[in-house]
Visitor: 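Before I ask anything, let me first share the structure, which is written out below as structure tokens.
Convention: sequence-line order gives letters A, B, ...; per-chain numbering from 1. Keep in mind the model is a prediction, meaning the values are calculated, not measured.
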Amino acid sequence: MYEKTVNIQLATVGGQGGILASSIIAQVAFDAGLDVKKREVHGMSQRGGVVTSDVRFGKQVCSPMVPQGSIDFLLAFEQAEGLRAIPNLKNGGVVITNTQTIIPPIVAIGKGTYPDNALAAIAERVKQSFTLDAMRLAEEAGSAKTVSTVMLGALSVFLDFSEEAWLKAIRSKVPKKTIEINQRAFEAGRTSVNPD
Amino acid sequence: MARKTRMQIPPPNTRLLLTGNQACALSAASFGCNLGVGYPGTPSSEILAALVQIEGAHKTQWETNEKVATEKAIGASMAGARTIVTMKHVGVNVAADPILSFASTFNGGFVLVVGDDPGSHSSQNEQDTRMFMGLFANLPVFSPADSQEVYDFLKLAFEVSEELKTPAVLRMTTNICHGESIMITAEPCEHVPLGYKNDFANNVVLPANFKKLRHRILTKRLPALTEFSEKTPINREDPGEVGDYGIITDGVTFTHVKEVVGDRIPVLKLGLVFPLPMKRIAQFIENHPKTVICEELEPYHELQVMAQGLPILGGKSFFPREGELNAGIVARGLSQAGFPVELYPEPEGEIPGVPRPPALCPGCPHRATFYVLNKMKANVFGDIGCYTLGGLEPLNALHACICMGASIGMAAGVDAVDHPEKPVVAVIGDSTFLHSGITGLLGARWNGAGITVIILDNSITAMTGGQQHPGLAHTLEGVDTGGVDLEALVRALGIEHVQSVDAYSISEIKEAITRAVEHPEISVIIPRQPCVLMPIKRHYKVFTVDLGKCIGCHTCLKVGCPSISLADETTDKGRRKSHIDPHTCIGCTVCAQVCPVNAIVEVEE
């Protein structure tokens with residue numbers, strides 16, 4: 001399984017749970033006996049800035065950073081962040097976009113603009129583009145904080161790890177009290193995209 | 001704070017997925033480290049946070065600053081202990097005085113662990129610790145490329161440090177510290193401190209002693225280290241098929257190089273980067289006449305190799321000196337140097353991204369103070385912490401920031417030579433004040449500076465992830481030793497005009513600053529509210545915008561809260577009203593205080 005390195009990037013906004021999600025993906029790959037590396041880029045604040053995580057797994061992974069133009073799976077937790085990241089998508093790569101928009105305060109005060117057609121722009125440029133309303137699905141699962149787990153559910157459809165492997169990794173990483181809600185969120189994400 | 005169940009050291013041959021910081025902590029605990037000490041600084045902060053959670057006899061302590069932490073580690077080393085002292089690259093500047101003098105003594109078991117930040121993701125600059133601690137301080141510098149090497153190299157650093165009686169340095173970078181990779185554990189060992197003994201000739205750096213020590217270092221220790229560097233397997237050659245070409249590299253850059261060239265081009269990978277194994281490098285270059293040096297930040301290897309007159313194709317002529325390297329940049333540089341490598345696809349059609357600068361969190365207790373300083377048009381000298389963000393839009397209330405603790409000295413310096421129309425104010429956080437603000441305040445008071453100093457007390461070291469500091473009752477190990485009383489400390493420095501205010505009350509802050517500015521002598525204000533994220537997430541109430549009342553004036557947007565954005569609803573004149581995100585609002589009330597029509601109200605439970 002996975003002779004060639006698989007490159008996953010999570011394009012998120014601080015506070016969305018992107019770092020936890022990337023560590024769950026890394027755990028799943030680790031549990032499968034693969035080589036795995038993970039890194040993240042985040043600015044100096046805890047919330048509101050751009051947070052990008054790279055997860056790479058395969059037989060042997062060298063650099064912890066996904067090389068430019070080499071993303072196999074882009075998990076965009078927010079529309080505009082998806083748009084920002086797609087130039088680095090590999091030809092034929094998959095994008096899964098949460099339709100949520102997070103308007104930064106700087107745009108609200110008129111010192112910047114937010115793209116009003118991000119989803120369309122992504123769909124236009126990417127053949128394999130999937131969208132889901134992860135915030136709604138997370139709320140339905142029981143907590144708005146499980147957006148990242150919904151996104152993992154959607155990603156899981158495209159990877160060769162068993163559902164139980166994902167749930168095991170999720171159970172090991174999320175707070176005990178939230179395990180059931182996270183399982184529901186994962187299922188919701190998993191059934192929300194259909195690659196065929 | 002009761003200590004949680006601590007992690008057991010796993011048995012040998014356990015496969016783990018760890019960050020470099022976790023690997024460093026596990027290595028320290030596994031290989032007899034008796035004391036871990038440091039000051040938080042991204043990307044190094046999580047090392048001690050991980051170490052304190054591992055079972056063992058070691059002590060783990062945050063210190064007031066990097067200098068004190070280093071001095072403590074020096075004492076432990078003199079007592080024959082194994083000790084690590086952790087900090088970020090700029091922390092080494094603070095610790096430079098003790099380190100550089102200690103470097104001229106013969107003591108062992110001391111490893112300085114530094115997190116450099118190429119790309120300055122979370123730092124005021126980029127610094128190359130290989131230069132500073134290697135070439136300048138003449139200390140052995142280990143440069144790991146992944147978590148396994150962090151774990152292995154720290155053990156080796158202890159051994160080299162003890163055998164050659166030299167402080168040693170483990171130099172990590174952001175991608176090593178925060179990057180996760182797989183490692184396998186080894187057989188752990190213990191170290192019992194040998195016990196402290198006086199050693200005047202070694203430990204008192206009087207000129208007469210220093211001269212003898214220095215001579216011994218240059219004639220004995222450095223040659224021994226060089227001999228080790230020539231022999232150690234952590235300086236190794238990875239053979240390749242295309243024999244004419246060669247690449248010399250170290251640290252995480254090695255992983256980018258391997259990503260690009262695989263097993264095709266020979267690579268000399270340096271694990272010990274000071275002193276360099278110059279004989280092996282010369283041999284490598286002789287065997288591979290087309291050799292380049294690929295390294296992040298400064299031309300560290302390159303300058304030394306060039307000084308030997310060894311013929312290389314280049315280094316910094318192909319790879320940038322600024323920022324973080326990656327496989328794409330490495331491939332481009334190698335290609336420019338004529339290497340047979342494939343380039344990565346260039347990002348297609350760059351899209352101008354939405355601006356998303358970091359912002360103070362919803363409910364951040366620093367917000368109201370910067371809102372008031374902005375309104376007063378004060379000249380604000382800031383410091384290092386979350387509150388540096390008070391300088392960004394829309395608060396725009398911080399106008400200088402240089403290094404930890406500098407705010408008070410800078411404000412006093414302006415006050416000494418100029419009296420601007422608007423007040424001169426220094427703003428510093430509680431942890432930074434205790435780190436290196438106290439001495440600045442003492443001097444400012446003594447020299448009669450008429451400035452206003454605001455100590456933002458959120459009762460944590462917030463920006464680096466919520467570490468304890470001496471203003472808090474509990475230490476890193478969870479022992480209640482009692483925290484320092486900031487007001488009493490300030491008064492003890494001779495300052496009489498001290499005001500404590502509610503950091504969420506705009507009116508209290510405004511009145512306090514007005515009084516302080518009018519006060520002819522130095523005056524200190526302490527706005528106080530705990531950080532909303534750490535050590536626990538706080539939630540008071542949720543506020544919402546009464547759309548019937550909102551007039552679309554956007555005054556609330558000027559507090560710069562990420563929870564506030566524009567609603568779809570508009571006023572009669574077509575101005576969009578405000579909206580508060582109920583998921584992120586924690587109810588600090590600051591926006592409600594500035595609303596001119598009281599349209600921001602508490603959500604009824």
Visitor: Could you tell me which portion of A:A144 (side chain, backbone, both or neither) has an atom closer than 4.5 angstrom to a non-hydrogen atom of chain B?
Guide: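 Interface part for A:A144: side chain.
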Visitor: Which bit of A:I71 comes within less than 4.5 Å of chain B, counting heavy atoms only: side chain, backbone, both or neither?
Guide: neither
Visitor: Using a cut-off of under 4.5 Å on heavy-atom pairs, state which of B:E324, B:R15, B:R576 scores highest against chain A.
Guide: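 Maximum pair count with chain A is reached by B:R15.
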Visitor: Evaluate side-chain contact (heavy atoms from CB on, under 4.5 Å) for B:E346 paired with A:Q68, printing each intermediate quantity in order.
Guide: CA-CA 7 Å; B:E346 282 302 315; A:Q68 64 189 44; 3.1 Å; yes
Visitor: Check each atom of A:V107 against the heavy atoms of chain B and say whether the ones under 4.5 Å are side chain, backbone, both or neither.
Guide: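 Side chain of A:V107 only, per the 4.5 Å heavy-atom cut-off to chain B.
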Visitor: So do the side chains of B:E259 and A:T5 get within less than 4.5 Å of each other, counting heavy atoms only?
Guide: no
Visitor: Please state whether the side chain, the backbone, both or neither of B:L325 comes within less than 4.5 Å of a heavy atom of chain A.
Guide: backbone
Visitor: Applying side-chain contact (heavy atoms from CB on, under 4.5 Å), run through A:E78 and B:R356 and close with a yes or a no.
Guide: CA-CA 12 Å; A:E78 198 272 351; B:R356 218 182 276 284; 3.2 Å; yes
Visitor: Non-hydrogen atoms of chain B under 4.5 Å away: do they reach the side chain of A:I106, the backbone, both or neither?
Guide: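 Interface part for A:I106: side chain.
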Visitor: Given heavy-atom pairs under 4.5 angstrom as the criterion, report whether the side chain, backbone, both or neither of A:I86 touches chain B.
Guide: side chain
Visitor: Give the member of A:L89, A:V61, A:I102 that has the highest number of heavy-atom pairs under 4.5 Å with chain B.
Guide: A:I102
Visitor: With respect to chain A, which residue among B:G119, B:S147, B:A327, B:G179 yields the maximal number of heavy-atom pairs within a distance under 4.5 Å?
Guide: B:G179
Visitor: Find the one option among B:L557, B:I182, B:L566 whose heavy-atom pairs under 4.5 Å with chain A are most numerous.
Guide: B:I182
Visitor: Could you walk me through whether A:K37 and B:T255 satisfy the side-chain contact (heavy atoms from CB on, under 4.5 Å) test, starting with their C-alpha distance in whole Å, then the side-chain angles of each, then the deciding distance to 0.1 Å, before giving a yes or no?
Guide: CA-CA 11 Å; A:K37 282 190 178 170; B:T255 69; 3.8 Å; yes
Visitor: Before giving the answer on side-chain contact (heavy atoms from CB on, under 4.5 Å), spell out for A:R84 and B:V354 the whole-Å C-alpha distance, their side-chain angles and the decisive distance to 0.1 Å.
Guide: CA-CA 8 Å; A:R84 193 199 305 275; B:V354 59; 3.7 Å; yes
Visitor: Nearest 0.5 angstrom please: B:L17 CG to A:L34 CG, how far?
Guide: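 Nearest 0.5 Å value for the CG-CG distance: 11.5 Å.
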Visitor: Decide if atom CG of B:N125 counts as having more than 12 heavy atoms of other residues, nucleotides or ligands within a radius under 6.0 Å.
Guide: yes
Visitor: Could you check whether atom NZ of A:K90 has more than 12 heavy atoms from other residues, nucleotides or ligands sitting under 6.0 Å from it?
Guide: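 Yes, enclosed.
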Visitor: For A:S70, is it the side chain, the backbone, both or neither that has a heavy atom under 4.5 Å from a heavy atom of chain B?
Guide: side chain
Visitor: Does one side chain, of A:E139 or B:H583, offer a donor that lies under 3.5 Å from an acceptor on the other?
Guide: yes
Visitor: Can you tell me if NZ on B:K577 sees more than 12 non-hydrogen neighbours from other groups inside 6.0 Å?
Guide: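 Buried by this count: over 12 neighbours within 6.0 Å.
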Visitor: Do other residues, nucleotides or ligands put more than 12 heavy atoms under 6.0 Å from A:E124 CD?
Guide: no
Visitor: Among A:E40, A:Q27, A:E81, A:Q60, which has the most heavy-atom pairs under 4.5 Å with chain B?
Guide: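 So the answer, after comparing A:E40, A:Q27, A:E81, A:Q60, is A:E81.
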Visitor: State, yes or no, whether a side-chain contact exists between A:S23 and B:E180 at a heavy-atom distance under 4.5 Å.
Guide: yes
Visitor: How far does CZ of A:R39 sit from CG of B:N326, to the nearest 0.5 angstrom?
Guide: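 Result: 8.0 Å between the selected atoms.
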Visitor: Give, as side chain, backbone, both or neither, the part of B:L16 having an atom under 4.5 angstrom from any heavy atom of chain A.
Guide: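 For B:L16, backbone heavy atoms alone lie under 4.5 Å from chain A.
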Visitor: With a 4.5 angstrom heavy-atom cut-off, could you sort out which part of A:P64 is near chain B: side chain, backbone, both or neither?
Guide: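 When you check distances to chain B, atoms from both the backbone and side chain of A:P64 fall under 4.5 Å.
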Visitor: Identify the heavy atoms of A:G69 and B:P345 that sit nearest to each other, and give their distance.
Guide: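 The pair with the smallest heavy-atom distance is O-CG, 3.5 Å.
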Visitor: Which bit of B:C561 comes within less than 4.5 Å of chain A, counting heavy atoms only: side chain, backbone, both or neither?
Guide: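 For B:C561, the backbone is the part near chain A, not the side chain.
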Visitor: Between A:N91, A:V66, A:V36, which residue shows the highest count of heavy-atom pairs closer than 4.5 Å to chain B?
Guide: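 Looking at each option in turn, the highest pair count goes to A:V36.
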Visitor: Would you mind telling me which of A:A121, A:A85, A:G33 has the largest number of heavy-atom pairs within less than 4.5 Å of chain B?
Guide: A:G33
Visitor: How long is the gap from CG on B:D581 to CD1 on A:I103, to the nearest 0.5 Å?
Guide: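 Between atom CG of B:D581 and atom CD1 of A:I103 there are 11.5 Å.
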